[in-house]
Amino acid sequence: MILQLPAQKIPIQEIPIDKKVKLFIKREDLIHPDISGNKYWKLFFNINNYLTQNPEKPYIITFGGAFSNHIAAVSAVGNLTGIPTLGMVRGEELKDKWRENPTLVFARKNGMNLQFVSREEYRHKEKLTEFLKAEFPDALVVPEGGTNEEAVKGIKMMLNDETKDFDYLCTAVGTGGTISGISEFCEENQKVMGFQAVMDRSLEETIAKLTSKRNFSLINSSFGGYGKINDENIRFINDFKRDYGIPLEPIYTGKMMQKVFEMIEEGYFPENSKILCFHTGGLQGIEGANLLLEKQNRNLII
C-alpha cells in the first residue's frame with residue numbers, strides 16, 4: 001500500500017462562535033503536505049488498488065484546470081511512488097505560460113508531463129479518455145477531480161466515531177465525489193450539506209449515481225461563479241485565519257465556511273445543532289489566487 005492511513009488522528013477543532021449552535025471543522029488539510037484533504041482520500045483506493053494489479057508500464061493520467069488541486073495532488077502521488085504522470089490541462093493558451101502558474105510549476109517539479117488541450121476538447125473528456133486508454137493500456141486514468149466509485153469509498157475514511165456526534169455534515173462540492181461518500185457512509189440521522197463552488201445543473205444527478213441515499217442538499221456558495229473571488233471572500237478568509245488560526249483557500253473551503261457563517265446568522269440551523277465542516281485542503285491554490293489578485297491591485301489572502 002503506497003498511500004497509508006495517517007499515523008496521527010485528524011483533529012476536529014471547535015470554532016468558538018457566540019451563537020445557539022456549535023460549529024466544528026475537521027482538518028483534513030493536515031493529512032499530507034502535498035496530497036491534501038479530500039484529494040488524499042479520493043486517490044487512496046484508486047492508486048492502491050491500481051498498484052496491486054502490478055501494471056507492466058504504470059502510468060497515471062488525469063484532467064484538471066490551471067489551478068487544479070487535483071492536478072497538484074496526482075503529481076505529488078507520482079513523485080511519491082516514482083510512477084510517471086500526465087496531466088491533461090484545460091486551456092491551450094497555457095502552453096507557453098505555464099511557468100507563470102505556481103500549480104503547474106509544482107506539478108512539473110513533481111515530474112508530471114503536461115498536455116494542454118482546448119476548452120472544446122476538454123468538454124469531451126469521455127472521448128479523450130477513450131483515446132488515452134487505447135494509447136496507454138496499462139495506465140490508470142483518473143477523472144477530473146478524482147470523482148469515481150473508488151473515490152467515494154475513500155471518502156468513507158473521513159468519517160469515524162467522532163463524526164457520528166454531529167447533526168450536520170458540511171463539505172464543499174466541485175465534481176461531487178466527496179459529498180457522495182459522506183452521504184453514503186454517514187449515520188442515518190445526519191443531514192449532509194454540499195456547498196457548490198460551481199453551479200452545475202447535472203451535479204445532483206452525478207451524486208445520485210454515486211450514493212444510494214437522498215440525505216443531502218446542495219447550496220449555492222459560488223459567490224458570483226467558479227473561481228471568482230470577491231473582496232468579501234478575501235476579508236472573510238483573512239478574518240477567519242486571524243480569529244481561529246486556520247487557513248482557508250478561496251475556491252472551495254473558504255466559500256463554504258463563509259456561507260455556513262451566513263446561514264448561522266440567518267438562523268437556518270435549529271438551536272443546539274452541532275455542525276461539522278470538512279476542511280478539504282487545497283491550500284496550494286492560495287499562491288495562484290494571490291498572483292491574480294496582485295495583478296488586479298486587490299487585497300491578498302494572508
Side-chain angles (χ1 to χ4, degrees), residues 13 15 23 25-40 42 64-73 76 89-91 94 97 100-107 144-146 170-179 193-200 203 218-265 277-302:
Q13 293 180 229
I15 307 298
L23 180 64
I25 189 166
K26 189 164 188 274
R27 298 290 305 277
E28 299 291 342
D29 58 304
L30 299 176
I31 290 175
H32 190 278
D34 294 328
I35 312 165
S36 178
N38 61 337
K39 300 304 179 191
Y40 192 94
K42 282 183 168 186
F67 297 99
S68 167
N69 296 325
H70 179 66
I71 288 282
V89 182
R90 181 180 63 245
L94 295 165
K97 298 179 180 178
E100 301 169 21
N101 181 303
T103 299
L104 300 180
V105 168
F106 174 79
E144 181 181 36
C170 302
T171 182
V173 178
T175 53
T178 303
I179 188 173
M193 303 183 70
F195 292 79
Q196 287 184 257
V198 57
M199 293 315 295
D200 180 352
L203 197 52
L218 295 175
I219 292 149
N220 180 4
S221 63
S222 61
F223 289 95
Y226 181 72
K228 300 269 176 66
I229 307 168
N230 64 37
D231 292 340
E232 188 60 18
N233 299 146
I234 298 166
R235 184 204 60 76
F236 177 84
I237 288 168
N238 288 342
D239 286 353
F240 193 88
K241 185 174 183 183
R242 184 197 65 217
D243 294 343
Y244 309 115
I246 301 171
L248 303 172
E249 51 74 41
I251 308 302
Y252 294 101
T253 310
K255 288 185 174 182
M256 173 189 70
M257 293 307 301
Q258 185 174 344
K259 190 67 178 177
V260 167
F261 268 62
E262 287 181 6
M263 292 170 74
I264 290 171
E265 285 294 331
C277 298
F278 291 92
H279 192 318
T280 48
L283 297 174
Q284 66 85 25
I286 293 175
E287 186 180 355
N290 276 340
L291 285 176
L292 294 175
L293 293 170
E294 192 171 21
K295 287 178 183 177
Q296 298 166 2
N297 293 315
R298 295 169 63 198
N299 290 333
L300 302 185
I301 297 166
I302 297 169

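What you see below is based on every heavy atom in this structure, not just the backbone, and it leaves out hydrogens, waters and symmetry mates.
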Non-hydrogen side-chain atoms of Phe236 and Glu262 separated by less than 4.5 Å | no
Nearest 0.5 Å please: distance from the CD1 atom of Ile234 over to the CG atom of Asn299.
-> 6.0 Å
Hey, are the side chains of Leu23 and Met257 touching, using non-hydrogen atoms and a 4.5 Å cut-off?
-> yes
Which pairs pass salt bridge (Lys or Arg N to Asp or Glu O under 4.0 Å) with one or both residues in residues 278-287, sequence neighbours excluded?
-> none
Please list all pairs passing the salt bridge (Lys or Arg N to Asp or Glu O under 4.0 Å) test where one or both residues lie in residues 218-232, with sequence neighbours left out.
-> Asp231-Arg298, Glu232-Arg235
What distance do Leu94 atom CG and Leu104 atom CG have between them, rounded to the nearest 0.5 Å?
-> 6.5 Å
Would you give the length of the straight line joining atom CG of Asn69 to atom CD1 of Ile35, rounded to the nearest 0.5 angstrom?
-> 13.0 Å
Search all heavy atoms of Pro250 against all heavy atoms of Ile286 and return the closest pair with its distance.
-> CD-CG1, 4.3 Å
Note, Ile15 side chain near Ile246 side chain (heavy atom, < 4.5 Å) = yes
Where do Ile219 and Met263 land on the side-chain contact (heavy atoms from CB on, under 4.5 Å) test, with the steps shown first?
-> CA-CA 11 Å; Ile219 292 149; Met263 292 170 74; 3.7 Å; yes
Just wondering, are more than 12 heavy atoms of other shown residues or ligands nearer than 6.0 Å to CG in Asp239?
-> yes
Can you name the nearest heavy-atom pair linking Phe223 to Lys259, along with the distance?
-> CZ-N, 4.2 Å
What is the distance from atom CD1 of Ile251 to atom OG of Ser68, rounded to the nearest 0.5 Å?
-> 11.5 Å
Closest non-hydrogen atom pair, Ala289 against Ile301 = CB-CD1, 4.3 Å
Donor-acceptor contact present, side-chain Asn101 to main-chain Ala66, <3.5 Å | yes
Ser221 versus Ala197, closest heavy-atom pair with distance = OG-N, 4.4 Å
Which atoms form the tightest heavy-atom contact between Ile71 and Ala107, and what is the distance?
-> CG2-CB, 4.1 Å
Just wondering, do Cys170 and Met256 contact through their side chains at under 4.5 Å, heavy atoms?
-> yes
Short question: side chain of Asn238, backbone of Leu300 - any donor-acceptor pair under 3.5 Å?
-> yes
Side chains of Gln284 and Thr103: is there a donor and an acceptor less than 3.5 Å apart?
-> yes
Could you give the distance from CG (Leu30) to CG (Leu283), rounded to the nearest 0.5 Å?
-> 8.5 Å
What are the two closest non-hydrogen atoms of Ile302 and Lys241, and how far apart are they?
-> O-NZ, 3.6 Å
State, yes or no, whether a side-chain contact exists between Leu292 and Phe67 at a heavy-atom distance under 4.5 Å.
-> yes
From Ile25 CD1 over to Leu248 CG, what is the distance, rounded to the nearest 0.5 angstrom?
-> 6.0 Å
Non-hydrogen side-chain atoms of Thr171 and Glu28 separated by less than 4.5 Å | no
Any side-chain heavy atom of Gln13 within less than 4.5 Å of one from His279?
-> no
Does the side chain of Val198 come within less than 4.5 Å of Ser222's, by heavy atoms?
-> no
